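First comes the structure, then the notes that go with it.
Keep in mind that what you see is a predicted model, and the values were worked out from it rather than measured. In what follows, chains carry the letters A, B, and so on, assigned in the order in which the sequence lines appear, proteins first and then strands, with residues in each chain numbered from 1.
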There are 2 protein chains.
Amino acid sequence: MSLHYALLGMLASKPGTGYELTQRFDQSLRNAWHASHSQIYPELARLDEAGLIEVVEEGQRNSRTWGITAAGREDLRRWMTETDTDRRVRNETALRYFLFGLLEPADRRVALERERKHLEEADEEFRTVAAHLEALDGPTPFRPVVDLGQRLNAVFSAWVDERLADADEPPAS
Amino acid sequence: MSLHYALLGMLASKPGTGYELTQRFDQSLRNAWHASHSQIYPELARLDEAGLIEVVEEGQRNSRTWGITAAGREDLRRWMTETDTDRRVRNETALRYFLFGLLEPADRRVALERERKHLEEADEEFRTVAAHLEALDGPTPFRPVVDLGQRLNAVFSAWVDERLADADEPPAS
DNA sequence: GCCATCATGTAATTAGTTACATGATTAG
DNA sequence: CTAATCATGTAACTAATTACATGATGGC
């Protein structure tokens with residue numbers, strides 16, 4: 001059900017085509033939600049059917065730019081202020097961290113190195129994004145989330161570094 | 001596919017019944033993975049079929065305690081060391097944070113208050129868990145994750161507090 | 001005796017993934 | 001002219017949720 005509101009939210013912030021929304025999911029919402037185009041297009045059709053979004057522009061290559069309607073805005077507002085948050089998560093990264101303690105030291109070193117590498121890349125990417133945002137400073141209302149996701153990574157990073165340091169010692173069992 | 005490995009991991013750490021595993025998912029794995037009993041039981045049957053787990057004890061009330069087999073351990077080890085992590089997430093809390101900027105100040109105050117309350121409860125719960133773990137100190141290999149999940153909450157918390165402070169000001173648009 | 005909890009399942013539906021499929025435009 | 005990207009869809013399958021369903025045990 002949250003894809004419904006994720007899409008409304010994206011369109012409330014700025015109209016866009018299904019294609020653009022797919023990209024925004026992989027970029028800005030990367031640390032919050034994921035959806036592929038094959039899920040997005042049918043959902044857009046449903047939102048349209050319900051009168052929550054509408055075509056605001058027809059462009060090149062048969063593209064349609066969607067915008068949120070007043071009804072859509074109200075639906076989104078109500079969801080955000082009146083409904084409980086679904087706290088359930090499925091985070092494979094966290095799951096793997098949880099399981100690291102089960103591995104033999106040598107295997108754990110391999111698994112941790114993989115994570116360290118990912119964090120290094122994510123950190124580099126973040127610094128690029130952060131620099132970009134700093135240049136804009138203000139016009140983007142979505143800054144906190146990018147920041148947030150990366151701060152999480154910073155936490156993970158510290159934890160992984162700790163674990164890397166004593167990866168040669170056997171796990172406390 | 002990760003439920004497969006989440007279950008193997010749980011059983012590698014300690015055998016348990018489907019019922020117990022359901023509870024462990026809601027407790028220790030709360031910040032990493034979620035699965036309900038109606039998903040867990042069929043998956044256990046599949047793991048059994050594949051020879052990755054086995055019944056190690058039949059107890060009261062028709063309960064069966066499952067344990068991981070050598071093949072299961074190897075399957076888990078290979079997954080953890082040789083496969084890429086699926087980084088896709090669906091985190092409604094993060095999604096909502098992302099969308100806070102779209103609300104009018106008054107609505108945002110409502111939404112933020114809801115989050116603040118949740119964090120207060122989570123923090124209280126964490127302190128209980130932390131005290132418990134401190135008493136045990138050592139025998140539990142799963143300490144880091146509980147800690148990690150809550151550290152994340154601490155990050156969210158700081159961010160929310162900041163936002164609460166200036167929730168009366170209009171969003172930077 | 002009854003209620004809470006332990007314990008296990010299945011059925012119907014919705015959500016999400018992977019694979020298949022097609023056409024338009026632009027840059028080189 | 002051709003490869004990359006833009007742009008949109010559908011079909012088959014798997015994963016997950018919600019609802020339905022049942023029985024055992026223990027404490028009061």
Side-chain angles (χ1 to χ4, degrees), chain A residues 1-8 10-11 15-27 29-30 32-50 53 55-66 79 83-92 95, chain B residues 1-8 10-11 15-27 29-30 32-50 53-67 79 83-92 95:
Chain A
M1 200 52 188
S2 289
L3 174 60
H4 174 113
Y5 293 104
L7 284 171
L8 280 185
M10 297 295 258
L11 292 178
T17 65
Y19 186 84
E20 279 163 5
L21 287 165
T22 306
Q23 288 180 133
R24 284 161 75 186
F25 266 88
D26 286 343
Q27 287 157 21
L29 271 188
R30 190 176 61 258
W33 208 262
H34 174 266
S36 51
H37 82 273
S38 61
Q39 202 189 354
I40 288 171
Y41 285 110
E43 187 63 38
L44 284 174
R46 278 189 287 272
L47 291 170
D48 180 31
E49 183 97 16
I53 64 171
V55 174
V56 292
E57 194 194 320
E58 306 211 3
Q60 290 183 312
R61 310 180 198 197
N62 306 326
S63 75
R64 273 163 301 157
T65 301
W66 298 93
W79 179 71
T83 65
D84 282 339
T85 306
D86 185 345
R87 308 275 172 193
R88 288 174 300 195
V89 293
R90 265 183 216 97
N91 181 337
E92 194 180 304
L95 173 62
Chain B
M1 200 51 186
S2 290
L3 174 60
H4 174 113
Y5 293 104
L7 283 172
L8 280 185
M10 297 296 257
L11 293 178
T17 66
Y19 187 82
E20 280 163 4
L21 287 164
T22 306
Q23 287 179 133
R24 284 161 75 187
F25 266 87
D26 285 343
Q27 288 157 19
L29 272 187
R30 190 176 61 260
W33 208 261
H34 173 266
S36 51
H37 82 274
S38 60
Q39 203 190 354
I40 288 171
Y41 285 109
E43 187 64 38
L44 285 173
R46 278 189 287 271
L47 291 170
D48 179 32
E49 184 96 17
I53 62 171
E54 64 190 353
V55 174
V56 293
E57 195 194 319
E58 306 211 4
Q60 289 183 315
R61 310 180 199 195
N62 306 326
S63 75
R64 272 163 301 158
T65 301
W66 298 93
W79 180 71
T83 66
D84 281 340
T85 306
D86 184 347
R87 308 273 172 196
R88 288 176 299 194
V89 292
R90 263 183 218 99
N91 181 337
E92 194 181 304
L95 172 62

B:L7 CG - D:dA16 P separation (whole Å): 11 Å

B:H4 NE2 to D:dA15 P, straight-line distance once rounded to whole Å: 11 Å

Sugar-phosphate, base or nothing in reach of B:R46, heavy atoms under 4.0 Å: nothing

Contacts of type salt bridge (charged side-chain N to carboxylate O under 4.0 Å, His left out), residue A:D86, not counting sequence neighbours: A:R88

Protein proximity profile, nucleotides 23-28 of chain D - base contact B, sugar-phosphate-only contact S, no contact -, cut-off 4.0 Å on heavy atoms: -BBS--

Those residues that, when tested against A:D48, pass salt bridge (charged side-chain N to carboxylate O under 4.0 Å, His left out) (two or more places apart): none

Gap between atom CE of A:M10 and atom CH2 of A:W33 - 0.5 Å precision: 12.5 Å

Separation of atom CD in A:E58 from atom P in C:dT25, rounded to whole Å: 14 Å

Interface residues of residues 33-44 of chain B with DNA chain D (non-hydrogen, below 4.0 angstrom): B:H34, B:S36, B:S38, B:Q39

Residues which pass ring-ring contact (aromatic ring centres under 6.0 Å, His included) with B:Y19, listed by chain and number, not counting sequence neighbours: none

Nearest-Å distance for atom pair CE/P, residues A:M1 and C:dT14: 11 Å

All side chain to side chain donor-acceptor pair (under 3.5 Å) counterparts of B:S63, not counting sequence neighbours: none

Residues that A:R61 engages under salt bridge (charged side-chain N to carboxylate O under 4.0 Å, His left out), provided they are two or more places apart: none

Whole angstrom value for the distance that separates C1' of D:dA15 from CZ of B:F25: 13 Å

Which atom of A:R90 lies closest to which atom of B:H34, heavy atoms considered: NE-O, 3.2 Å

Residues which pass side chain to side chain donor-acceptor pair (under 3.5 Å) with B:T83, listed by chain and number, not counting sequence neighbours: A:R96

Inter-end axis angle, the helix from C:dG1-D:dC28 to C:dG28-D:dC1, with every axis fitted to five base pairs (rounded, 10 degrees): 30°

Lys/Arg-Asp/Glu bridge criterion (N-O < 4.0 Å) met for A:E49, A:R46: no

Contacts of B:E54 that satisfy side chain to side chain contact (heavy atoms under 4.5 Å, CB included) - sequence neighbours left out: B:V56, B:T69

Nearest-nucleotide comparison on DNA chain C, the residue closer to the 5′ end among B:T17 and B:D86: B:T17

A:L95 CG to D:dA15 C1', straight-line distance once rounded to whole Å: 16 Å

Proximal nucleotide (of C:dT17, D:dT17, C:dA7) relative to the A:R88 side chain: D:dT17

Contacts of A:H4 that satisfy side chain to side chain donor-acceptor pair (under 3.5 Å) - sequence neighbours left out: A:D75

Partners passing salt bridge (charged side-chain N to carboxylate O under 4.0 Å, His left out) against B:R87 (at least two apart in sequence or in another chain): A:E115

Residue mapping more 5' on DNA chain C - nearest nucleotide basis, B:Q23 or B:R90: B:Q23

Between C:dA15 (C1') and B:L3 (CG): distance, integer Å: 16 Å

Atom-pair distance (CG on B:D26; P on C:dT5), nearest Å: 15 Å

